[in-house]
Amino acid sequence: MKIGIVGCAGRMGQMLVQEVTATEGCELAGGTEGPGNPALGRDVAAHAGLDACGMEISEDAEALFAASDVVVDFTLPAATANHLALAQKNGTSLVLGTTGHDENGLAAIETAAKDITIVKAMNFSIGVNVQFAITQQLAGILDDDYDIEIIEMHHKHKVDSPSGTAIGLGEAAAAGRGVSLDDVSARGRDGITGARKKGDIGFASLRGGEVVGEHTVIFAGENERVEFTHRASSRGIFSKGAIRAARWTDGKDAGLYDMLDVLGFK
Ligand code: NAD
């Protein structure tokens, strides 16, 4: 399967080049960068720290889409718009990891998915997606006698809290109980907050060191506590999941899919 990487000189782009090269049955179709990027003209694989592959990092996204069965995009929302058009023109599947699309960007993705196969996820980690699916299931099985609390820890540089993944876990837990997270979310407890309300889903955030990302979902019952933890130690978990998604697109009908489809939870 021929896999192209747009934005191949980026942090994720380089890891994706490494993952494609290391994965049996996958062939690197090439890599692009945006205009003016200093990596243009360098060898795609050598720039990712591998032996040279003989293909230069190019600005020619059109040629890359024509040469690829599937293209993986971890770039910028503005770049994704062009990539969607090229994927449609060439019948190329797309794996979309880029975040921050506005309403128009999201609508364009949905429209393109009528013609081509797209896998889009805010978090491509296989383990985190398993945690989403199991959290939803457990929240349904363990009724609201089990208090749900979500704890996350990230490196000291992170500026937002709770993490997007923690909120995603809260949404999964709320969905499992058939409620909206907005109605039950309990954040930022400090001082005399009163007793915990039954059915609340609580969040706590820790920051420190260089922790890549840890998420624990706690179901605290009367006499027992179930905890489900995911710990990330490298951003390599995203490239591994994205290339798994890229391989999964082979032979799939046009449509908009996510990692839960790829992992067989849907
Ligand atoms: P980065 O800035 O290191 O890499 C982005 C690359 O895209 C850069 O090299 C940039 O030059 C390139 N680029 C910009 N315009 C381009 C164009 N027109 N054509 C080709 N390349 C272009 O950023 P990053 O940390 O690798 O993250 C990239 C994106 O992926 C972000 O949106 C980030 O939030 C997202 N991300 C998603 C996941 C996930 O699991 N979904 C995980 C990590 C990062």
Side-chain angles (χ1 to χ4, degrees), residues 3-20 28-44 46-49 55-65 67-68 71-87 92 94-102 105-106 108-109 118-132 154-155 157-160 163-169 210 212-213 215 230 232-246 248 256-263:
I3 303 182
I5 310 294
V6 287
C8 67
R11 276 172 297 182
M12 283 306 303
Q14 293 183 45
M15 292 189 126
L16 289 161
V17 168
Q18 292 165 3
E19 188 64 30
V20 172
L28 187 63
T32 64
E33 260 303 332
N37 190 289
L40 286 168
R42 287 208 59 196
D43 186 275
V44 176
H47 192 73
M55 287 181 287
E56 286 183 0
I57 300 177
S58 145
E59 262 186 87
D60 191 353
E62 171 116 41
L64 181 66
F65 275 83
S68 305
V71 166
V72 186
D73 177 336
F74 282 64
T75 59
L76 291 172
T80 300
N82 181 40
H83 296 149
L84 282 171
L86 291 174
T92 314
L94 254 186
V95 172
L96 279 181
T98 304
T99 56
H101 296 287
D102 61 15
L106 293 173
I109 293 166
I118 299 179
V119 182
K120 177 177 171 294
M122 294 287 284
N123 186 321
F124 269 99
S125 151
I126 292 167
V128 161
N129 280 281
V130 168
Q131 197 182 23
F132 281 140
H154 284 84
H155 50 82
H157 315 287
K158 189 165 176 63
V159 295
D160 56 316
S163 70
T165 299
I167 294 169
L169 287 166
E210 297 300 330
V212 175
H215 295 87
H230 177 268
S233 46
S234 154
R235 285 161 61 95
I237 57 175
F238 304 126
S239 49
K240 196 166 257 321
I243 299 308
R244 178 154 168 180
W248 179 88
L256 184 55
Y257 302 94
D258 62 23
M259 274 307 272
L260 297 183
D261 293 300
V262 173
L263 296 175

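Both counts, for ligands and for their atoms, begin at 1 and track the order of listing.
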Give me the residue, atom name and distance of the protein heavy atom closest to atom 31 (C) of ligand 1. Thr75 O, 3.8 Å
For Asn37, counting its heavy atoms only, list the atoms of ligand 1 lying under 4.0 Å from any of them. 11 (O)
Contact between Glu59 and ligand 1, counting heavy atoms under 4.0 Å? no
Students should be able to answer this: which protein heavy-atom is nearest to atom 25 (O) of ligand 1, and at what distance? Arg235 NH2, 2.8 Å
Ligand 1 N/O within reach of Gly10 N/O, cut-off under 3.5 Å: yes
Side chain, backbone, both or neither: which part of Ala242 has a heavy atom under 4.0 Å from ligand 1? neither
Determine, using ring centers only, whether Phe74 and Phe124 are less than 6.0 Å apart. yes
When every non-hydrogen atom of His47 is compared with those of Gln14, the smallest separation belongs to O-OE1, 3.2 Å
For Gly100, is the nearest heavy atom under 4.0 Å from an atom of ligand 1? no
Residue pair Leu16 / Ile243: nearest heavy atoms and the distance that separates them: CD2-CD1, 4.0 Å
From CD1 (Ile5) to CD1 (Ile57), nearest 0.5 Å: 11.5 Å
Shortest protein heavy-atom distance from atom 1 (P) of ligand 1, along with the residue and atom involved: Arg11 N, 4.0 Å
Any idea which atoms of ligand 1 are less than 4.0 Å away from a heavy-atom of Ala121? 41 (N)
Residue and atom name of the nearest protein heavy atom (relative to atom 35 (C) of ligand 1), distance in Å to one decimal: Gly97 O, 3.5 Å
Are a donor atom and an acceptor atom from the side chains of His215 and Ser163 found within less than 3.5 Å of each other? yes
If every non-hydrogen atom of Val72 is compared with every non-hydrogen atom of Ala246, which pair is closest and at what distance? CG2-CB, 4.3 Å
Top protein contact for atom 10 (C) of ligand 1, by heavy-atom distance: Glu33 OE1, 3.4 Å
What part of Leu76, side chain, backbone, both or neither, has a heavy atom within less than 4.0 angstrom of ligand 1? side chain
Between the side chain of Asn129 and the main-chain N/O of Ile126, is any donor-acceptor distance below 3.5 Å? no
Shortest non-hydrogen separation from Leu169 to Phe132 and the atoms involved: N-CE2, 3.3 Å
Return the closest protein heavy atom for atom 34 (O) of ligand 1 as residue, atom name and distance. Thr99 OG1, 2.6 Å
min-distance protein heavy atom vs atom 38 (C) of ligand 1 -> Phe74 CE2, 3.4 Å
Contact (N/O only, under 3.5 Å) between Met122 and ligand 1: yes
What do we get for Phe124 next to ligand 1 when only non-hydrogen atoms under 4.0 Å count, side chain, backbone, both or neither? both
Can you list the atoms of ligand 1 that are under 4.0 Å from a heavy atom of Ala79? 15 (N), 16 (C), 17 (C), 18 (N)
d(Lys240 NZ, Met15 CE) to nearest 0.5 Å is 11.0 Å
When rounded to the nearest 0.5 angstrom, what distance separates NE2 in His83 from OG1 in Thr92? 11.5 Å
Check each atom of ligand 1 against the heavy atoms of Thr32 and keep those under 4.0 Å away; list them by number with element. 20 (C)
For atom 43 (C) of ligand 1, the closest protein heavy atom turns out to be Met12 CG, 3.7 Å
Hey, which atoms in ligand 1 end up nearer than 4.0 Å to a heavy atom of Thr98? 32 (O)
Please check if the side chain of Thr98 supplies one atom and the backbone of Thr75 the other of a donor-acceptor pair under 3.5 Å. yes
Taken to the nearest 0.5 Å, the spacing of Asp258 CG from Leu263 CG works out to 9.0 Å
